[in-house]
Number of protein chains: 2
Amino acid sequence: MNSKMNSQEWAREKIRSAGLRATPARIATLKVLHGSGSPLTHAEVSDKLENLEIDKATIFRNLTDLVAKNVLRRSALGDNVWRFEIIKESAHEHDSHPHFVCVDCGSVSCMEDVELKQKSTSASPLLEHVTEVVLRGHCNECA
Amino acid sequence: MNSKMNSQEWAREKIRSAGLRATPARIATLKVLHGSGSPLTHAEVSDKLENLEIDKATIFRNLTDLVAKNVLRRSALGDNVWRFEIIKESAHEHDSHPHFVCVDCGSVSCMEDVELKQKSTSASPLLEHVTEVVLRGHCNECA
DNA sequence: ATTACACTTGCAACATTATTGCATTTAAGT
DNA sequence: ACTTAAATGCAATAATGTTGCAAGTGTAAT
Ligand SMILES: [Mn+2]
Ligand SMILES: [Mn+2]
Ligand SMILES: [Zn+2]
Ligand SMILES: [Zn+2]
């Protein structure tokens with residue numbers, strides 16, 4: 001991944017190496033998600049692409065396809081809306097991290113500094129089988 | 001709460017002391033939830049009450065009303081469906097516990113033996129503000 | 001027991017989020 | 001340029017949840 005590569009080229013490359021065609025809709029979608037610090041809903045992606053007038057079904061299908069190819073992660077954060085974020089190709093295979101959703105304002109944040117600890121060893125399911133952690137509550141803004 | 005009290009009487013009492021009218025639909029709903037070891041969706045409650053032929057809007061409204069009166073807890077467990085469970089009037093005011101949802105079979109379990117621990121102190125939001133914890137993954141049944 | 005009335009219900013319409021079918025268009029290899 | 005499987009636009013559909021309103025009912029006062 002060349003450091004001189006711009007966002008457009010990066011997105012195109014990402015899509016192509018996933019075995020998908022680099023269409024304008026996909027490139028634009030990936031650029032939007034790349035510039036976001038937290039996962040975005042379909043509606044949020046659509047809003048940022050409104051000038052391109054891409055059909056909502058197309059955006060949904062592209063998001064779904066990119067999830068299937070492990071380019072994006074789809075998370076269900078508890079407010080009945082899917083959110084999508086780019087999977088960073090970092091050190092760990094399982095770089096999934098907890099997410100926090102504010103029940104007041106709906107803001108979402110990625111939490112890299114929280115870990116889980118099991119009190120007793122009794123219960124099923126085991127923590128090893130946990131693939132996603134969602135915390136809900138009141139963010140600092142909403143006190 | 002008399003130990004001889006049957007489920008019907010218990011439900012009626014619970015509803016009345018919440019300041020609501022003890023209608024057949026509400027009593028039946030509470031009895032169903034009382035007999036369940038994990039939170040139930042609206043659809044699951046409806047299924048168990050199908051012989052009573054209660055309108056779905058009524059069930060939704062009753063569930064919502066009982067949540068407003070702190071008789072039930074409504075949880076968003078990440079699969080875009082609300083779930084409802086009875087709030088046990090036990091020791092702690094905040095007796096909310098983490099829930100686990102299997103992404104394969106959809107089963108839900110209440111986890112009483114898991115606690116959260118924060119790695120660093122940097123991040124917002126603080127854990128004190130977290131009101132709900134949801135774990136998603138693969139249950140023991142689904143390996 | 002009867003009555004009165006606010007609370008509750010049933011029904012249908014509506015809202016939101018997401019998915020699917022199909023004809024048309026397009027990306028990309030040749 | 002040509003070819004074709006992949007992708008898109010559009011409209012219909014599904015699933016979950018909400019709302020308006022007329023009719024029915026639980027409760028308490030009489
Ligand atoms: Mn994240
Ligand atoms: Mn529970
Ligand atoms: Zn907030
Ligand atoms: Zn399972």
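Just so it is clear: chains get the letters A, B, ... in the order the sequence lines come, proteins before strands, and each one is counted from 1.
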Can you find a side chain N or O atom of [X] that sits less than 4.0 Å from OP1 or OP2 on [N]?
X	N	result
N62(B)	dT9(C)	yes
R16(B)	dA28(D)	yes
T23(A)	dA6(D)	no
R12(B)	dT27(D)	yes

[X] (side chain) donor-acceptor with [Y] (main chain) under 3.5 angstrom:
X	Y	answer
T41(A)	V81(A)	no
S75(A)	L77(A)	no
T29(B)	A25(B)	yes

- Run through L66(A), V71(A), L63(A) and flag the one making a side chain to side chain contact (heavy atoms under 4.5 Å, CB included) with L33(A). L63(A)
Expressed as a whole number of angstroms, how long is the span from [X]:[atom1] to [N]:[atom2]?
X	N	atom1	atom2	value
R61(A)	dA11(D)	CZ	P	14 Å
R21(A)	dT3(D)	CZ	P	16 Å
W82(A)	dT19(C)	CH2	P	8 Å
D65(A)	dA7(D)	CG	P	7 Å
L66(B)	dT8(C)	CG	C1'	13 Å
F84(B)	dG17(D)	CZ	P	7 Å
I54(A)	dC10(D)	CD1	P	12 Å
D55(B)	dA13(C)	CG	P	13 Å

- G19(A) vs A22(B), nearer the 5' end of DNA chain D by closest nucleotide: G19(A)
- Specify the residue among A25(A) and V81(B) whose closest nucleotide of DNA chain D lies further upstream toward the 5′ end. A25(A)
- Task: Please tell me which of R26(B) and K56(B) maps to the more 5' nucleotide of DNA chain C, matching each residue to the nucleotide holding its nearest heavy atom.
- Result: R26(B)
- Taking only the side-chain heavy atoms of T58(A) (C-beta and beyond), determine which of dC11(C), dG26(D), dG9(D) contains the nearest atom. dG9(D)
- Would R26(B) and D65(B) pass as an ion pair if we require N to O under 4.0 Å? yes
- Remember a base hit wins even if backbone is also touched, and classify N80(A) as base, sugar-phosphate or nothing at under 4.0 Å, heavy atoms. sugar-phosphate
- Query: Under 4.0 angstrom, heavy atoms only, what part of the nucleic acid is A43(A) near: base, sugar-phosphate, or nothing?
  - Reply: nothing
